Trainee: 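Take a look at this one; I'll ask things after.
Quick note on labels: first sequence line is chain A, next is B, and so on, each numbered from 1. Keep in mind the model is a prediction, meaning the values are calculated, not measured.
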2 protein chains.
Amino acid sequence: MLFLPYLLNQAAEESSINFKQQYKDRYGMLRTEWRVLFHLGYFGDKTAREICDMSKMHKTKVSRAVSALETRRFLTRERQEADRRSEILRLTKSGQAAYKDLSSIAESYDQKISAELTEQENQVLREVLLKIAKL
Amino acid sequence: MLFLPYLLNQAAEESSINFKQQYKDRYGMLRTEWRVLFHLGYFGDKTAREICDMSKMHKTKVSRAVSALETRRFLTRERQEADRRSEILRLTKSGQAAYKDLSSIAESYDQKISAELTEQENQVLREVLLKIAKL
DNA sequence: GCTTGTTAGTTACAAAATCAACTAATATTT
DNA sequence: AAATATTAGTTGATTTTGTAACTAACAAGC
């Protein structure tokens, strides 16, 4: 009996290990920082809270990643007048450039994996992972 | 475009978050320790090196997890005469008991996830994850 | 309006992971 | 067989994460 969380974890690790080197070497980013950058690049402007909810990352991780990205001028914060506790996070030009650069690399890794699977396997896999992630 | 490593990671995180509480509360174990215990329980006696290769964990993580498990008398080490650098790790009775206890809990979590998927989805998912993990 | 409670986000401190340097045993080269 | 390289595993220093306590803004109850 090989448990699903075990298999998921092994597959997740294996599939991301090479990519890690990319954001680390090219931009000196941590995984948390790449994930925040990705969320903003992919889903558009968001508050830290929203990123927490979507990514399931802890708020302290997000807070630190946001600070790091801000320091490197990859994003800006804009206090909301409606609720002055939260701030909208927005990628700068260079943040967007980094996102595009990295996501195109990610995509090619992704395609390398997808190429090993059948059409049906690809489709089922993505559906099921989404389902599990939302459980 | 939602990348596979991203989806895998979200699903892995979501599926293991509840179980973490179990090995932590019941045995005061870390994730690394549970993983080593699991490997020995499931695959039988192994050296630290073999566990590193199979689990893709870093050797310092494994080394420290093994020490912790040894201290708690969950495993013993046996120097190999053939190659006196490495030692075979073997679960003790209480190590085996902990493995059985935890893996039965893991199994029930697992079944809860599986119940949300169709027969076909379950089968494809496991096959594909194995394929990706070994790529 | 003033407690009381909740939420967004940060910070300090403790726990754990990573990295580099190390020992000891074995393998390889010359 | 002596010198060099490699491998298994450990240890210490640094970095990153997790936990808990905090500030500041808002919301609800009274």
Trainee: Between A:Leu102 and A:Phe19, is there a side-chain heavy-atom distance shorter than 4.5 Å?
Mentor: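 Yes; the side chains approach each other to less than 4.5 Å.
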Trainee: Do B:Tyr109 and B:Gln22 have side-chain heavy atoms sitting under 4.5 Å apart?
Mentor: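 Yes; the side chains approach each other to less than 4.5 Å.
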Trainee: Hey, does the side-chain of B:Arg64 have a donor or acceptor N/O within less than 3.5 Å of a partner on the base of C:dT18?
Mentor: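 Answer is yes: a donor-acceptor pair is held.
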Trainee: Tell me the interatomic distance from B:Leu30, atom CG, to D:dT19, atom C1', rounded to whole angstroms.
Mentor: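 After rounding, the gap between these two atoms is 15 Å.
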Trainee: Select base, sugar-phosphate, or nothing to describe what B:Ser86 touches, counting heavy atoms under 4.0 Å on all strands.
Mentor: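 Here B:Ser86 touches the backbone only, sparing every base.
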Trainee: If each of B:Arg84 and B:His58 is mapped to the nucleotide of DNA chain C with the nearest heavy atom, which maps nearer the 5' terminus, i.e. the 5' end?
Mentor: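 With B:Arg84 and B:His58 compared, the 5'-side residue is B:His58.
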Trainee: Under 4.0 Å, counting only non-hydrogen atoms across every strand here, what does B:Arg79 touch: a base, just sugar-phosphate, or nothing?
Mentor: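 Nothing: the residue B:Arg79, judged by heavy atoms under 4.0 Å, touches no strand.
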Trainee: Taking any heavy-atom pair under 4.0 Å as a contact, classify B:Thr32: base, sugar-phosphate, or nothing.
Mentor: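 Answer is sugar-phosphate: B:Thr32 comes under 4.0 Å of backbone atoms only.
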Trainee: How many Å lie between CD1 on B:Ile51 and C1' on D:dA8, as a whole number?
Mentor: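 Whole-Å distance recorded here is 13 Å.
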Trainee: Is there a side-chain contact between B:Arg35 and A:Asn9 (heavy atoms, below 4.5 Å)?
Mentor: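 B:Arg35 reaches A:Asn9 side chain to side chain.
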Trainee: Do the charged groups of A:Arg126 and A:Asp110 touch, with an N to O distance under 4.0 Å?
Mentor: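 Yes.
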Trainee: Hey, which of these two, B:Arg85 or A:Ala82, hits DNA chain D nearer its 5' end, going by closest nucleotide?
Mentor: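 Residue closer to the 5' terminus by nearest nucleotide: B:Arg85.
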Trainee: Nearest-Å distance, CE (B:Met57) to P (D:dT10)?
Mentor: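 Whole-Å distance recorded here is 14 Å.
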Trainee: Strictly by modelled atom types, are B:Ser86 and B:Arg77 linked by a side-chain donor-acceptor pair under 3.5 Å?
Mentor: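 There is no such pair between these side chains.
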Trainee: Contact class for B:Lys20 vs. all strands (heavy atom < 4.0 Å): base, sugar-phosphate, or nothing?
Mentor: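 Answer is nothing: B:Lys20 stays at 4.0 Å or more from every strand.
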Trainee: With heavy atoms under 4.0 Å as the rule, sort B:Lys24 into base, sugar-phosphate or nothing.
Mentor: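 The residue B:Lys24 makes sugar-phosphate contact but no base contact.
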Trainee: Measure the distance from CD on A:Glu70 to C1' on C:dT10 and round it to the nearest whole Å.
Mentor: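 Nearest whole value for this atom pair: 13 Å.
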Trainee: Considering just the side-chain nitrogens and oxygens of B:Arg49, establish if one lies under 4.0 Å of OP1 or OP2 belonging to C:dT26.
Mentor: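 For C:dT26, neither OP1 nor OP2 has a side-chain N or O of B:Arg49 closer than 4.0 Å.
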Trainee: Rounded to the nearest angstrom, tell me the gap between atom CD1 in B:Ile88 and atom C1' in D:dG9.
Mentor: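 In whole Å, D:dG9 C1' lies 15 Å from B:Ile88 CD1.
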Trainee: Atom CG of B:Asp83 to atom C1' of C:dT28: distance rounded to whole Å?
Mentor: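 So the two atoms are 15 Å apart, to the nearest Å.
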Trainee: Looking for any heavy atom pair under 4.0 Å, which part of the strands does A:Arg31 touch: base, sugar-phosphate only, or nothing?
Mentor: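 Result for A:Arg31 = nothing.
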Trainee: In whole angstrom, what separates B:Arg77's CZ from D:dT10's C1'?
Mentor: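 Rounded to the whole Å, the gap is 9 Å.
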Trainee: Can you tell me the distance, in whole Å, between the CD1 atom of A:Ile17 and the P atom of C:dT18?
Mentor: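 For the pair A:Ile17 CD1 and C:dT18 P, the rounded distance is 10 Å.
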Trainee: By the 4.0 Å heavy-atom rule, please label A:Lys59 as base, sugar-phosphate, or nothing.
Mentor: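 Base contact - A:Lys59 has a heavy atom under 4.0 Å of at least one base atom.
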Trainee: Between A:Ser63 and C:dG9, is there a side-chain N or O to OP1/OP2 distance below 4.0 Å?
Mentor: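 Answer no for this pair, as no side-chain N or O of A:Ser63 is under 4.0 Å from OP1 or OP2.
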